[in-house]
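One structure below.
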Amino acid sequence: IPDWGRVTLKQVYYSWQLTVICLFWNFITALAALDYGGKSTGVGAGIAACFLVCFVPCSYLCWFHPLYNAMRKDSSLRFGWFFFVFGFQFLSACFFAVGFPGTGASGIFIA
């Protein structure tokens with residue numbers, strides 16, 4: 001990796017780690033909602049588990065690894081792919097933060 005990209009790549013790696021932590025926390029809060037005794041049927045916990053299992057490897061393969069390759073090879077097409085997928089990841093993070101009931105997202109509306 002060239003010197004101009006090391007700091008940026010390190011920050012994006014920390015961002016990816018934060019994404020993994022947030023998905024794990026979403027799963028933990030969905031499990032806690034099962035124990036709360038409300039109207040939770042377990043669908044949210046199941047969907048949260050699917051999000052955790054699917055989104056962690058997909059986020060690595062679809063936006064962190066392409067950015068790593070883009071930094072290594074200085075490829076504008078790979079930078080474009082990173083920004084497209086990372087933008088989608090940002091929108092899904094906003095969706096998780098809001099937390100509509102029955103979607104597996106434990107956000108503001110669920111709290």
Side-chain angles (χ1 to χ4, degrees):
I1 302 294
D3 290 336
W4 56 267
R6 288 179 198 247
V7 175
T8 304
L9 194 61
K10 186 183 284 189
Q11 290 173 346
V12 171
Y13 180 69
Y14 292 149
S15 174
W16 178 76
Q17 286 179 334
L18 182 65
T19 300
V20 172
I21 290 168
C22 288
L23 285 170
F24 183 72
W25 184 250
N26 181 51
F27 175 66
I28 295 298
T29 56
L31 285 178
L34 284 174
D35 191 39
Y36 179 67
K39 295 181 180 178
S40 181
T41 60
V43 174
I47 295 173
C50 288
F51 284 156
L52 180 64
V53 169
C54 293
F55 282 1
V56 170
C58 287
S59 65
Y60 180 81
L61 292 174
C62 291
W63 63 266
F64 178 72
H65 194 61
L67 180 67
Y68 178 82
N69 285 334
M71 293 276 189
R72 194 167 52 117
K73 297 178 182 175
D74 198 19
S75 170
S76 62
L77 184 62
R78 292 177 192 213
F79 277 115
W81 176 253
F82 162 75
F83 284 116
F84 175 72
V85 175
F86 192 75
F88 179 74
Q89 180 76 26
F90 177 75
L91 291 176
S92 67
C94 292
F95 175 77
F96 278 110
V98 172
F100 296 106
T103 59
S106 301
I108 295 170
F109 286 164
I110 301 294

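Because only heavy atoms are used, hydrogens play no part in the values below, and waters and symmetry mates are left out as well, while side chains stay in.
L91 CG: more than 12 foreign heavy atoms inside a 6.0 Å radius.
For the atom pair N26 CG and L52 CG, the distance stands at 8.5 Å (nearest 0.5 Å). One finds the OG atom of S15 at 11.5 Å from the CG atom of L9 (value rounded to the nearest 0.5 Å). Atom CZ of F90 sits about 11.5 Å away from atom OG1 of T19, to the nearest 0.5 Å. H65 contributes atom NE2, which lies 7.0 Å from atom CZ of R72 (distance to the nearest 0.5 angstrom). Annotation: the span from N69 atom CG to F79 atom CZ amounts to 10.5 Å, rounded to 0.5 Å.
I47 and F24 fall within a single hydrophobic cluster, where Ile, Leu, Val, Met, Phe, Trp and Tyr side chains are chained together by heavy-atom contacts under 4.5 Å. Hydrophobic clustering of Ile, Leu, Val, Met, Phe, Trp and Tyr side chains at less than 4.5 Å, counting indirect connections, unites Y68 with V20. When the side chains of ILVMFWY residues are joined at heavy-atom separations under 4.5 Å, either directly or via intervening members, F88 and F86 end up in two distinct hydrophobic clusters. In the hydrophobic cluster analysis, where Ile, Leu, Val, Met, Phe, Trp and Tyr join through side-chain heavy atoms closer than 4.5 angstrom, Y14 is grouped together with V12. One hydrophobic cluster, built from ILVMFWY side chains closer than 4.5 Å, holds both V56 and L61.
Taking the side chain to side chain contact (heavy atoms under 4.5 Å, CB included) definition, one finds that F55 meets it with L23, F51, F96, sequence neighbours left out. Qualifying side chain to side chain contact (heavy atoms under 4.5 Å, CB included) partners for Y13, counting only residues two or more places apart in sequence or in other chains: W16, Q17, F64.
The aromatic rings of F84 and W81 lie tilted to each other, with the angle between the two planes from 30° to 60°.
Side-chain contact between V98 and C94 is absent, with no heavy atoms from C-beta onward closer than 4.5 Å. You'll find the side chain of W4 reaches within 4.5 Å of the side chain of D74, heavy atoms only.
Shortest non-hydrogen contact noted between C54 and P57 is O-CD, 3.5 Å. For the pair R78 and P66, the tightest heavy-atom approach, listed with the atom from each and the gap, is CB-O, 3.9 Å.
Judged by distance alone, with hydrogens and angles left aside, the side-chain atoms of T8 form no donor-acceptor pair with the main-chain N or O of G5 at under 3.5 Å. In this structure, T29 contributes its side chain and W25 its backbone to a donor-acceptor pair below 3.5 Å.
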